[in-house]
Amino acid sequence: MQTTSSAPRWPYAVSGALAATAGTAAGHLVAAAVNPGASPVVAVGATVVDATPTPVKDWAVSTLGTADKPVLLASVAVVTLLASAGIGLLARRHRTLALVLLGVLTVLAAAAALARPTSTPVDALPALAAAAVGVTVLHLLCGAADRTGQPAKRPAASPLDGTAHEAGAQPTPARRTFLVGAAGTAAAAAGGLALGQKLGANPPLPTAADLPKPTNTLPALPTGLDGKVPGISPFRTPVGSFYRVDTSLIVPRVNADDWALEIDGNVANPFRLTYAELLALPMVERDITMTCVSNEVGGGYVSSARWLGVRVRDLLARAQIKGGVDQILSTSTTGFTISTPVQALTDDRDALVAVAMDGQPLPAQHGFPARLVTPGLYGFVGSTKWLARLTATTYAKEQAYWTERGWATNAPVLTQSRIDTPRGLDTVKAGGAVPIGGVAWAQGRGIRKVEVRVDDGEWMTATLGPDAGIDYWRQWYVKWTPSGSGRHNLTVRATDNDGQLQPRAKTDPFPKGATGWHSVVVFVA
Ligand SMILES: Nc1nc2c(c(=O)[nH]1)N[C@H]1C(S)=C(S)[C@@H](COP(=O)(O)O)O[C@H]1N2
Ligand SMILES: [Mo]
């Protein structure tokens, strides 16, 4: 349909953007009812995440940190708005083409939702609702926009009326109608988004009182160097500051009542456990430091907690793994997969299906209702969050998410040490004693020694903080009395309990973890 060209352009661009916004709101609202992960922006964003090449993803994680997710969602929203404003402009001359194009783009979002690993047919509903609402709104608003181009019908000017109004200087009734329609659409979209957000809100979480008691009695965690060395990482990471790394754009909110853990694959006795059944099994407590393979030397993707969980070994013994199995493929409720060498889950390191950290049920962002925690391995090969399934299989048969992207299949944590204080580029006072302190970790082996050097001076042996086992980090510090002002380089290195010094050579995190000594530059005044 060819339409009038006398109408201004901006109402069409606004119509397009509002059609997309209203459609997205409708999709979000429907998604709240069927599956929050199937909301069009989230489904498209998740598809973008999975399709992003590993180097770009690494860059995003290292430069944006935890902000990578909001940045990605905002980018998807901005691109959507720009594209739909463009479709709106197209609608000025080519109405049918624009409506079809908008419909097609929204249906692509439905396809993205259906292509998610755990999708079910209802996951297409949000995008279909978005398509219906978007196309209808575009049609109606463009109709109102067309009329803004038609000359306004005015009452005949009275002969007594001395001044003539300049056409268009005042909003014409048609323009007013368009603006009212646009404002109404924007308000309805905002309401829909807010309601969707509210309906999709979190299911009730259990409390510490619902947790079972561990069968072992772990002594209270010793007091660390926290009070003694200002600026050092606390011996136990507060749960709220525990690092978070995952591919989930929105934190999965699992309802424990609907959840179960399946143990299947090449086993004689597959079984499933509800949340209540899992909590009823014997639980142990373990102090474990977790590290991300993407952690750069000196980076923050390392944290420590006291975990409560069922030994994976016990679960696998009950399932009776058959011969030939070399990996356990774990799958999250979102379909994300991790593969772990079967050895690491059956030896005496006590890999856990954890249900709590630091005495509280797992927070949603750390994997509620249950997650894998495998001491000694980087998170991407042993710490599946929102755990739904453990499958006994082989590396030849099944590949996990990061394996498909070229990362290692067996990745023990490499020995590392980090200077927490002073911070890089800090200025310290000459004359007084300056504590240099931080943490060192070598999960599975433990830390024997930490040494610090100023510039090219002698290595000073650091005092180690308390020991909470080989799977937990050690705090350390030395007292340094700077002499002379200027710029100094502080370097740390650790030795594990096998007597192995951490390698000096810097390597990239890809594909099995970074090596290298951490250095910071400080100024003495
Ligand atoms: N379901 C799921 N589990 C996951 C991941 C993920 O992307 N999805 N990332 C893994 C990685 S790479 C790490 S380092 C740890 C981080 O756990 P945290 O966020 O609790 O610190 O979770 C692991 N478990
Ligand atoms: Mo990770």
Side-chain angles (χ1 to χ4, degrees), residues 37 45-46 49-50 52 54 57-58 60-62 65-66 68-69 72 116-118 236-254 259 261 288-296 299-307 309 312 328-340 344 351-358 360-391 400-409 411-414 416 441 443 473 508-514:
V49 169
D50 290 354
T52 303
T54 297
K57 217 178 298 196
D58 284 349
V61 170
S62 61
T66 315
D68 60 343
K69 294 174 178 67
L72 175 68
R116 302 307 305 150
T118 54
R236 172 186 295 170
T237 313
V239 174
S241 339
F242 202 98
Y243 83 92
R244 175 188 164 202
V245 169
D246 55 62
T247 60
S248 286
L249 275 176
I250 50 164
V251 176
R253 307 278 168 179
V254 179
W259 176 89
L261 174 62
I288 299 164
T289 295
M290 205 151 76
T291 315
C292 181
V293 70
S294 298
N295 196 42
E296 308 269 357
Y301 293 149
V302 53
S303 300
S304 299
R306 175 163 288 189
W307 306 89
V312 180
I328 301 296
L329 186 79
S330 47
T331 309
S332 76
T333 57
T334 59
F336 176 86
T337 50
I338 278 182
S339 67
T340 310
L352 303 176
V353 170
V355 296
M357 62 196 292
D358 298 340
Q360 297 291 330
L362 292 178
Q365 65 267 33
H366 295 297
F368 180 84
R371 76 174 302 169
L372 215 50
V373 177
T374 308
L377 296 186
Y378 285 116
F380 81 113
V381 282
S383 295
T384 318
K385 302 193 276 189
W386 314 291
L387 183 65
R389 185 181 294 272
L390 293 170
T391 306
Y401 186 91
W402 290 113
T403 314
E404 285 169 348
R405 288 157 177 81
W407 291 77
T409 49
V413 178
L414 303 173
Q416 268 299 338
W441 58 91
Q443 291 94 311
W473 63 13
D508 274 345
F510 183 84
K512 55 189 176 62

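When a ligand or atom number is given, it counts from 1 through the structure's own listing order.
- By the 30° and 60° cut-offs, the orientation of the rings of Phe510 relative to Trp407 is perpendicular.
- Closest to atom 12 (S) of ligand 1, if we only count protein heavy atoms, is Phe380 CB, 3.6 Å.
- When hydrogens are left out, the protein atom nearest atom 7 (O) of ligand 1 is Thr247 N, 2.9 Å; that is the closest non-hydrogen contact.
- Taking a cut-off of under 4.0 Å to the non-hydrogen atoms of Ser332, the atoms of ligand 1 that pass are 1 (N).
- Taking 4.0 Å as the cut-off, Ser383 counts as a neighbour of ligand 1 on heavy-atom distance.
- Atom 17 (O) of ligand 1 has as its closest protein heavy atom Arg371 NH2, 3.0 Å.
- Closest of all the heavy-atom pairs between Val312 and Leu390 is CG1-CD1, 4.5 Å.
- The shortest N or O to N or O distance between His366 and ligand 1 is below 3.5 Å.
- Remark: minimum distance from atom 8 (N) of ligand 1 to any protein heavy atom is reached at Phe336 CD2, 3.2 Å.
- Counting atoms of ligand 1 from 1 in the listed order, those under 4.0 Å from a heavy atom of Phe242 are 21 (O).
- Scanning all protein heavy atoms for the shortest distance to atom 21 (O) of ligand 1 gives Tyr243 O, 2.6 Å.
- Between Trp307 and Phe242, the ring-plane angle classifies as perpendicular under the 30° and 60° cut-offs.
- Pairing each heavy atom of Ala400 with each of Thr337, the nearest pair is CA-OG1, 3.4 Å.
- For atom 16 (C) of ligand 1, the choice among Leu372, Leu377, Val245 with the nearest heavy atom turns out to be Val245.
- The Met290 neighbourhood of ligand 1 comprises atoms 17 (O), 18 (P), 20 (O), 21 (O), with distances under 4.0 Å to a heavy atom of that residue.
- Checked by atom type and distance alone, the side chain of Ser330 pairs as donor or acceptor with a backbone atom of Ile338 at under 3.5 Å.
- A donor-acceptor pair under 3.5 Å is absent between the side-chain atoms of Gln365 and the main chain of Val251, judged by distance alone.
- Summarising the geometry of Ser303 relative to Ser241, their closest heavy-atom pair is OG-O, 4.3 Å, with the distance given to 0.1 Å.
- Between the side chain of Trp441 and the backbone N or O of Met290, no donor-acceptor pair lies under 3.5 Å.
- Contact annotation: for Trp386 versus ligand 1, heavy atoms closer than 4.0 Å belong to the side chain alone.
- Heavy-atom proximity to Asp246, at under 4.0 Å, picks out these atoms of ligand 1: 5 (C), 6 (C), 7 (O), 8 (N), 9 (N).
- The one candidate from Thr384, Thr247, Asp50 that meets the side-chain hydrogen bond (donor to acceptor under 3.5 Å, both in side chains) condition with Tyr401 is Asp50.
- Residue contact check: Cys292 has heavy atoms under 4.0 Å from atoms 14 (S) of ligand 1.
- No donor-acceptor distance shorter than 3.5 angstrom exists from the side chain of Tyr378 to the backbone of Ser294, with no hydrogens or angles considered.
- At the top of the distance list for atom 19 (O) of ligand 1, counting protein heavy atoms only, stands Lys385 NZ, 2.5 Å.
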